[in-house]
Every structure is written in C-alpha cells, then in structure tokens.
Amino acid sequence: MHAMQYELTLPADYDTGIVRARVARIGHLLDDWAGLGFKAYLLRERGVDGSPVNQYAPFYLWNTVEGMNAFLWGGSFQVLSDDFGRPSVRQWTGLAYEPGVAVDSPALVAVRRRLPVPEGARLAEVTREAVEEAGRLAALDGAVGAAAAIDPSRWESVHFSLWAHDAPKAEGEVFRVLHLSTPGRQSLPRGRQW
C-alpha cells in the first residue's frame, strides 16, 4: 500500500468553484481505476475550518505501484499538470489502513496530520503508535476510514482520516471531500503492513 498526495495552493482570491466544477466533471474518471484503493478529492478554502489558504490537495491510497504509475505516467496526471502546473508529489509507505465504523457513509471531510519522526526515536515504537492511531481513529463515531504512512526520506509520518460529518474527531488540517473514488477500497489490506 502506498499513500500519495499533491497540493495546489491557489491565490487567496481564487474562485474555488472552478475546482468544484472540475471535480464534478472529471472526478468519476478514477471510480474504476485499476490498482487504486481510494482517491479523496480534497479542497481547503481560506477562512473555512481554520485554513489559511485555498488549496486543492487530492489524497490517494494505492493498492499497487502499477496503478499509481499508470496514473502518474499514463496521461491523467499530465492533464492536471497542463491545467495547473506540475506539483510535487509526496509519497509515503503505507503502515496501516482501517475501514471506519461509518465506512459505507459518504465522506464529507478529511483530516491530515503530518508529524516529524524525532531523531533518535525507536522506529518500531513510532510505527506501532501510528498503526494504533489509525485503528483508534477508525473506531470513532463518524469515521469512514483511517490510514497511517511514513516517508523515510524525510522521516515524516502522516495520519489521514475520512469523516461522515462536519465535526471530525481527529487533529490536523481539515479538508472538504468533493468526491471519493473507491474502486479498490475493499481490497486495501487492513491493519499493519509488515
């Protein structure tokens, strides 16, 4: 399992309705993408949910490297790059995924929390805590799902959760979910990934 995200930070006066319309028009194109666990089409709007910026920032959980590569190198990502410029793509190695107690409900918001892995930290302990946090979040009322991953090049962990209500019970940056493509969500391996 691989996590991936890119962020397009938009001008403060940007009409985010353009992003909403774009997702409404093309979001369904990944609804049956081979190798994709899920893609959450995410938007932060300046002044909403504490966001200081307008930002389009889709988050992906991939079941296969082949599916991810087909997206990045096969033309779909090129369309986004042609429209907005090519963003940096962050990738994390998946540590855990847990479907939430509200897995069958529509996701309204997502929360992302990135944390540095402290120098000298015991990696087995850091990853164990991240896996436990994914399970804890998934068990909370309104949770659609939760994942944990780590970037060993930056030594950063990421906790990502989807929520069926506007009051998520997770700490971090809050995004509105514009669309959720879930072709392989049921195939995402549950729990610890090693």
| Side-chain heavy-atom pair Leu80, Leu8 within 4.5 angstrom cut-off | yes
| message | Hydrogens and angles aside, do Trp163 and Ser161 bring a side-chain donor and acceptor to less than 3.5 Å of each other? | response | yes
| field | Nearest-0.5 Å distance, CG of residue Asn63 to OG of residue Ser187 | value | 5.5 Å
| said: Once you measure the plane-to-plane angle for Tyr97 and Phe38, does it fall in the parallel (<30°), tilted (30-60°) or perpendicular (>60°) bin? | reply: tilted
| request: Report whether Val53 and Leu42 are members of the same hydrophobic cluster (ILVMFWY, side-chain heavy atoms less than 4.5 Å apart, transitive linking). | output: no
| said: Using every non-hydrogen atom in the two residues, find where Arg46 and Ala12 come nearest and quote the distance to one decimal. | reply: NH1-CB, 3.0 Å
| Joint hydrophobic cluster, Val126 plus Met1, side-chain heavy atoms closer than 4.5 Å | no
| task | Is it possible for you to say whether Leu29 and Val79 belong to one hydrophobic cluster, with membership spreading through side-chain heavy-atom contacts below 4.5 Å? | result | no
| message | I'd like to check Met68 versus Met4 (side-chain heavy atoms, cut-off strictly below 4.5 Å). Are they in contact? | response | yes
| Once you round to the nearest 0.5 Å, how far does CZ of Arg20 lie from CZ of Arg25? | 15.0 Å
| So, are Arg114 and Glu171 salt-bridged, with charged N and O less than 4.0 Å apart? | no
| Residue pair Leu72 / Gln91: nearest heavy atoms and the distance that separates them | CD1-NE2, 4.2 Å
| query | Can you tell me if Gln78 uses its side chain to pair, donor with acceptor, with the backbone of Gly74 under 3.5 Å? | reply | no
| Do Arg154 and Arg90 come within less than 4.5 Å of each other through their side chains, counting heavy atoms only? | yes
| request: Kindly work out whether a path of hydrophobic side-chain contacts (I/L/V/M/F/W/Y, heavy atoms less than 4.5 Å apart) joins Leu123 to Trp92. | output: no
| query | Between atom CG of Leu95 and atom CD of Glu129, what is the distance when rounded to the nearest 0.5 Å? | reply | 12.0 Å
| message | Is the ring pair Phe59/Phe160 parallel, tilted or perpendicular, if the boundaries are 30 and 60 degrees? | response | parallel
| request: For residues Asn54 and Arg44, determine if any side-chain heavy atom of one lies less than 4.5 Å from a side-chain heavy atom of the other. | output: no
| query | Any side-chain heavy-atom pair from Val65 and His2 closer than 4.5 angstrom? | reply | yes
| said: Which heavy atom of Ala96 sits nearest to which heavy atom of Ala134, and what is that distance? | reply: CB-CB, 4.3 Å
| request: Before giving the answer on side chain to side chain contact (heavy atoms under 4.5 Å, CB included), spell out for Glu173 and Val111 the whole-Å C-alpha distance, their side-chain angles and the decisive distance to 0.1 Å. | output: CA-CA 5 Å; Glu173 297 163 304; Val111 178; over 6 Å; no
| query | Side-chain heavy atoms under 4.5 angstrom apart, residues restricted to Ile, Leu, Val, Met, Phe, Trp, Tyr: same cluster for Trp33 and Trp73? | reply | yes
| For Ala107, what residues pass the side chain to side chain contact (heavy atoms under 4.5 Å, CB included) criterion, not counting sequence neighbours? | Val144, Leu162, Val177, Leu180
| request: May I ask you to decide whether Asp83 forms a salt bridge with Arg22, counting only side-chain N to carboxylate O separations under 4.0 Å? | output: yes
| request: Report yes if some heavy atom in the side chain of Leu178 is under 4.5 Å from a heavy atom in the side chain of Val19; otherwise report no. | output: yes
| said: If I compare all heavy atoms of Ala164 with all of Ala102, which pair ends up nearest, and what's the gap? | reply: CB-CB, 4.3 Å
| request: Indicate whether any N or O donor in one side chain lies under 3.5 Å from an N or O acceptor in the other, for Ser153 and Asp151. | output: yes
| said: Quick one, Leu36 and Leu30 - any side-chain contact, counting heavy atoms below 4.5 Å? | reply: yes
| message | Which heavy atom of Gly142 sits nearest to which heavy atom of Val101, and what is that distance? | response | N-CG2, 4.1 Å
| said: Closer than 3.5 angstrom, by distance alone: can the side chain of Glu98 be matched with the main-chain N or O of Gly191 as a donor-acceptor pair? | reply: yes
| Least distance between heavy atoms, Ala146 atom then Ala138 atom | CB-N, 4.0 Å
| said: Any carboxylate oxygen within less than 4.0 angstrom of a Lys/Arg side-chain nitrogen, looking at Glu133 and Arg128? | reply: no
| field | Asp31 and His179: side chain donor to acceptor below 3.5 Å | value | yes
| field | Pair Asp166 + Arg176: basic N to acidic O under 4.0 Å | value | yes
| message | Angle between ring planes, Tyr60 versus Phe71, binned at 30° and 60°: parallel, tilted or perpendicular? | response | tilted
| message | Restricting to side chain to side chain contact (heavy atoms under 4.5 Å, CB included), what partner residues turn up for Pro116, sequence neighbours left out? | response | none
| task | Could you verify whether a donor N or O on one side chain and an acceptor N or O on the other, from Arg112 and Gln5, lie under 3.5 Å apart? | result | yes
| task | Apply side chain to side chain contact (heavy atoms under 4.5 Å, CB included) to the pair Val158 and Ile150, showing each step before the final yes or no. | result | CA-CA 6 Å; Val158 64; Ile150 197 160; over 6 Å; no
| Is a side-chain donor-acceptor pair under 3.5 Å present for Tyr56 with Tyr14? | no
| For the side chain of Ser51 and the backbone of Val48, is there at least one donor-acceptor N/O pair under 3.5 Å apart? | no
| query | Testing Tyr41, Phe84, Phe77 for ring pair (Phe, Tyr, Trp, His ring centres under 6.0 Å) with Tyr6, which one passes? | reply | Phe77
| If we only count heavy atoms from C-beta on, is the Pro99 to Arg190 side-chain gap below 4.5 Å? | yes
